[in-house]
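As structure tokens, the structure follows; a few thoughts come after it.
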Amino acid sequence: MLATFKNRVYQVVAQIPKGKVATYGQIAKLAGNKKAARAVGALMKNNPYAPKVACHRVVGFDGRLTGYSGQGGITKKKQWLISEGVIFKKEKVDLEKCLWRQKYNKIKTNNF
DNA sequence: AAAATGACGGTGT
DNA sequence: TACACCGCCATTT
């Protein structure tokens, strides 16, 4: 396993749980470069690890469905996500509920 | 090695 | 919502 950027991206994407989605920027950040969101998309297009890599669970920063070279394109991707339990707001994903969170925010043990 | 490419992110009209 | 522009980055040719 080469520690290249793209491999890290595939590694991260493969960890996205069902019913959740991640943004290109988030993945890029986890991979080491939060500004490499664009590069992430390009890597998804190649997607040599498909279907192991859940490329369909990757959405835009606003939950917007961009890209997807798969069959049916965006429409199919949308349906696919819905089937996994992802909630949709019009043409966008409800990031408030379905955004993948690798790290949970520190819980306040001493509230008040 | 340099140029071209793109499934982004953000801002403006 | 649509369209145009620009900045950014890794991969590919």
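Every chain is numbered from 1, with letters handed out A, B, ... down the list of sequences.
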> Taking side chain as C-beta onward, heavy atoms only, is Val58(A) less than 4.5 Å from Tyr68(A)?
Replying inline: no
>> I'd like to check Leu81(A) versus His56(A) (side-chain heavy atoms, cut-off strictly below 4.5 Å). Are they in contact?
In response: yes
>> Does atom NZ (Lys29(A)) have a neighbourhood of more than 12 heavy atoms from anything else shown, all under 6.0 Å?
In response: no
> Which nucleotide span of DNA chain B, 5' end to 3' end, has atoms closer than 4.0 Å to non-hydrogen atoms of chain A?
Replying inline: dG6(B) to dG10(B)
> Taking atom types as they are modelled, is there a donor-acceptor pair under 3.5 Å from the base of dC8(C) to the side chain of Arg38(A)?
Replying inline: yes
>> Looking at Glu84(A) and Arg57(A), is there a salt bridge between them, counting it only when a charged N and a carboxylate O are closer than 4.0 Å?
In response: yes
>> Which heavy atom of Val53(A) sits nearest to which heavy atom of Asn47(A), and what is that distance?
In response: CB-OD1, 3.4 Å
> If you look at every strand shown and take non-hydrogen atoms under 4.0 Å, does Tyr68(A) touch a base, only sugar-phosphate, or nothing?
Replying inline: base
> Which sits closer to the 5' end of DNA chain B, Gly67(A) or Phe61(A), going by the nucleotide each is nearest to?
Replying inline: Gly67(A)
> Please give, in whole Å, the distance from dA2(C) P to Lys92(A) NZ?
Replying inline: 11 Å
>> Restricting to non-hydrogen atoms, name the atom on Val93(A) and the atom on Cys98(A) that form the minimum distance, rounded to 0.1 Å.
In response: CG1-CB, 4.1 Å
Just the atom pairs and distances: protein N or O near nucleotides 11-13 of chain C's N or O, under 3.5 Å.
{"unit_1": "dT11(C)", "atom_1": "OP1", "unit_2": "Lys6(A)", "atom_2": "N", "d": "3.2"}

Please set out all donor-acceptor pairs under 3.5 angstrom arising from side-chain atoms of residues 8-15 of chain A, sequence neighbours excluded.
{"unit_1": "Arg8(A)", "atom_1": "NE", "unit_2": "Ala31(A)", "atom_2": "O", "d": "3.0"}
{"unit_1": "Tyr10(A)", "atom_1": "OH", "unit_2": "Leu43(A)", "atom_2": "O", "d": "2.8"}
{"unit_1": "Gln15(A)", "atom_1": "NE2", "unit_2": "Gln11(A)", "atom_2": "O", "d": "3.1"}

>> Rounded to the nearest 0.5 Å, what separates atom OG1 in Thr66(A) from atom CZ in Phe61(A)?
In response: 10.0 Å
> With respect to the side chain of Glu91(A), which nucleotide from dG7(C), dC9(C), dT1(C) is positioned closest?
Replying inline: dT1(C)
